[in-house]
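Take a look at the structure below.
No experiment lies behind these values; they were computed from the predicted model shown.
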Amino acid sequence: MATTTTTSSISAGGEDRVLATAQQIVKSLNTPKEVREDMLLIFSSFDNRLSNIGDLINGDSSGSNRFESAEKIILRSDSNSNWEDSPDQVAEYLEAVDEILQLVDDLSIRSDNEIMDRAESAIQLAMSRLEDEFRHTLIRNTIPLDADRMYGSIRRVSLSFAANDGEISDEFETFGEVGDGSSVRFHERGGSLGDDLCVDLIEVGAVDELRDIAERMIRSGYEKECVQVYSNIRRDALDECLVILGVEKLSIEEVQRIEWSSLDEKMKKWIQAIKIVIRVLLSGEKRHCDSIFGESDSIGEVCFNETVKGCVTQMLIFAEAVAIGKRSSEKLFRILDMYDALADVLPDLQAMVTDEFVCGEVNGVLNALGGAAKGTFAEFENAVQSETSKKAMQGGEIHPLTRYVMNYVKLLVDYSQTLNHLLENDEIEANGLQGDNLDEMSPIARRLLFLLTTLESNIEEKARLYDDVAMQYIFLMNNILYIVQKVKDSEIRNLLGDNWVRKRRGQVRQYATSYLRASWSRALACLKDEGIGSGSSNASKVALKERYKSFNLCFEEIYRIQTAWKVPDPQLREELRISISEKVIPAYRSFNGRFRSQLESGRHAGKYIKYTPEDLESYVLDLFEGSPGVLHHPRRKST
């Protein structure tokens, strides 16, 4: 069986060679077609292997006729004619191209050099026409990007903070407290696109026509020209999309010269645009490439890579410029947003783009943004530690540094997941850190603990700028309580733990006790019995007058000074007033009850007994309002 098959195969192969040789001999004689056919028929009478030569002659004649019909259609087609409104003409032209390609593939006309030359010329002419038509079809069916629809589909998250009017170094001038009367700023997190967002960048009805043309060009060996036309047209379309999205084509040097306020806006646009570019524009391009070049996956892949490379590169240049630019604390959140946005779309991009160089560049820029974020955070920590403004805050108010850092930290917590990833392998000095289970804390929790410890140390240094010890404690209470409240009312509490909050509250209570001692001890000393006689009846009027006079002077001085001090927190302000009243008013009432009668019988008693306990209690309520007060009320008669 095997021998029979082999013999048949050899026989068939030999027959083909004989037929081809006979045909070539006759053709080389350069005789008219009719003579050649007669000679081939004569040959067939000498050798039975040439018995099929008649079919060859008939086939050659049929192929020639088919070729000439197809050639006429290609030659008569005017390159300036408009195919847009002539679908029948398009179909006829494409069928003619198919016919010639089929004849060449079937070897039906290869025996005739003249016809083969004409076939090659016809194909070349047809490819030139199809290339032009491919280009025009792409251009006239490109759909402009609807930026309003894109941005309308982005779900945004806004976080707010405010500018501060306090005196502070330039590094800390942009953050303050929301709701304190200063101008509010907003930090807008990069939004997320709707999951179902899909746009057509080429008219759907034109995709079939483009695919028909691409198939013929690829089959004819003109895939390079086809890819070049497609990628050039679509590359320009994507560039126009970037312009619509507000992304400018800038060099690294140009980006680094931009002022922060303008750069901030460009970074926001980039964050929004990168999501639209990858998940809408590139996704749409991939869908169209797959549809148009679906018959050849490798060509479609090359075409897609070439088309999107410029667009992706432009986005990466801006991000790289930001990553290697000058670091400042105000840039951190935008850099983190850019990092998050790029990391978020990276899997989508890698699933579409197979160009290893482009994917490597994207990963490189992502790592650079991560490094910039880490470096900027470290710069911020150093800036907090080294902030040395020497101007004391009027009235012991909350320092702008405290406001800035706490609002900054509160915003940082929103990026905990990203920062935990970036800071995972970083080590910090644990010396002086007060916290339980440091090893069990997340990377961002440890860094925030370090940062707040640094802030507290800086605040303690700034407290020493006040000559009045009592005011030092007011300043410390205001600032530490502000820190505690920011921690307690945010996710920071979950990072640092309740024990941290309790310790700081204990600090505030200690500062309050120290304030009372520093501020009121001298006034309370005037109300003691020592040095004015052994009993109320034997008290020296001179000593009593001196005690009342000294107390009045102390109280009036405290009132004058401490009404100008500011305790912004209403609860702390009320608690301090209650503590003062509980210490001072009972002592004064007791002293006044024991010794007042000895002076009232004499002249000018009102000069010394100026206030009733009720007067003092009323005046205490004026303290810590931030507005200097003067005691001018006449003494009220006690009942």
Side-chain angles (χ1 to χ4, degrees), residues 189-193 231 234-235 238-239 241-242 245 247-256 263 266-287 289 297-298 300-327 331-379 415-426 443-444:
R189 289 294 310 267
S192 59
L193 284 172
S231 60
R234 294 309 305 161
R235 190 185 301 125
L238 288 176
D239 288 344
C241 288
L242 291 185
L245 292 173
V247 178
E248 302 174 53
K249 184 172 283 189
L250 300 169
S251 67
I252 289 178
E253 293 75 17
E254 288 172 325
V255 173
Q256 293 180 339
L263 181 61
K266 294 183 187 303
M267 291 169 78
K268 281 197 292 186
K269 289 179 180 178
W270 187 96
I271 292 160
Q272 296 171 344
I274 191 68
K275 298 170 185 178
I276 294 174
V277 166
I278 304 301
R279 291 193 170 142
V280 178
L281 302 186
L282 265 61
S283 177
E285 287 297 334
K286 186 69 168 69
R287 191 171 63 254
C289 275
D297 292 340
S298 60
E301 183 179 301
V302 170
C303 189
F304 175 74
N305 287 335
E306 286 299 313
T307 298
V308 304
K309 184 186 294 183
C311 175
V312 173
T313 300
Q314 183 177 335
M315 297 296 290
L316 293 181
I317 288 174
F318 180 85
E320 182 182 3
V322 170
I324 66 177
K326 182 181 177 182
R327 291 172 181 169
K331 294 181 181 178
L332 177 57
F333 302 107
R334 290 282 175 243
I335 293 175
L336 286 170
D337 284 338
M338 290 179 69
Y339 178 89
D340 281 344
L342 187 56
D344 188 39
V345 301
L346 181 59
D348 298 296
L349 184 140
Q350 290 174 328
M352 294 184 287
V353 178
T354 57
D355 188 313
E356 292 183 2
F357 176 78
V358 173
C359 291
E361 289 291 296
V362 175
N363 277 296
V365 170
L366 181 65
N367 291 333
L369 286 171
K374 289 170 59 177
T376 303
F377 188 22
E379 291 275 337
Y415 297 86
S416 291
Q417 184 175 353
T418 301
L419 289 169
N420 277 329
H421 170 70
L422 294 175
L423 303 172
E424 187 173 9
N425 298 318
D426 285 14
I444 184 60

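Smallest separation of non-hydrogen atoms from E424 and P443: CA-CG, 4.0 Å. Minimum interatomic distance between K286 and F304 (heavy atoms only, all atoms of both residues): N-CE1, 3.5 Å. Between K374 and L423 the shortest heavy-atom distance is CG-CD2, 4.1 Å. Here the closest non-hydrogen pair linking K331 and M267 is O-CE, 4.4 Å. Here the closest heavy-atom approach between residue L332 and residue A373 is recorded as CD1-O, 3.4 Å. Closest heavy-atom contact between A341 and K275: CB-CE, 3.8 Å.
Considering CG of D337 and CG of L369, their distance stands at 11.0 Å, rounded to 0.5 Å. The structure places NE2 of H421 at 8.5 Å from OG1 of T418, a figure rounded to the nearest 0.5 Å. Expressed to the nearest 0.5 Å, how far CZ of R234 lies from CG of L238 amounts to 6.0 Å. Distance CG/L250 to NZ/K266: 6.0 Å, rounded to 0.5 Å. From C289, atom SG reaches atom CD of E306 across 11.0 Å, with rounding to the nearest 0.5 Å. Annotation: the span from L282 atom CG to I276 atom CD1 amounts to 12.5 Å, rounded to 0.5 Å.
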Start with the C-alpha gap between L336 and L422, add the side-chain angles, then the distance that decides, and say whether side chain to side chain contact (heavy atoms under 4.5 Å, CB included) holds. CA-CA 10 Å; L336 286 170; L422 294 175; 4.1 Å; yes
If you apply the rule side chain to side chain contact (heavy atoms under 4.5 Å, CB included), what do you find for W270 with L342, and how did you get there? CA-CA 10 Å; W270 187 96; L342 187 56; 4.3 Å; yes
For side chain to side chain contact (heavy atoms under 4.5 Å, CB included), just list the numbers for K326 and Q256, CA-CA rounded to whole Å, side-chain angles, deciding distance to a tenth of an Å, and then say yes or no. CA-CA 8 Å; K326 182 181 177 182; Q256 293 180 339; over 6 Å; no
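Within the 4.5 Å cutoff, the side chain of L346 has heavy atoms near those of the N363 side chain. Contact of the V362 side chain with the V353 side chain is not registered, since no non-hydrogen atoms from C-beta on lie closer than 4.5 Å. Side chains of F377 and I335 form no contact here, defined as non-hydrogen atoms less than 4.5 Å apart.
Take A368 and apply the side chain to side chain contact (heavy atoms under 4.5 Å, CB included) test, not counting sequence neighbours, and it matches A323.
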Got a list of side-chain donor-acceptor pairs under 3.5 Å for residues 307-319, not counting sequence neighbours?
{"residue": "T307", "atom": "OG1", "partner": "C303", "partner atom": "O", "Å": "2.7"}
{"residue": "T313", "atom": "OG1", "partner": "K309", "partner atom": "O", "Å": "2.7"}
{"residue": "Q314", "atom": "NE2", "partner": "E248", "partner atom": "O", "Å": "3.3"}

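Put simply, the side chain of D344 never gets that close to the backbone of D340: no donor and acceptor are under 3.5 Å apart.
Screening residues 346-360 for side chain to side chain donor-acceptor pair (under 3.5 Å), with sequence neighbours left out, gives R279-D348, E301-T354, N305-T354.
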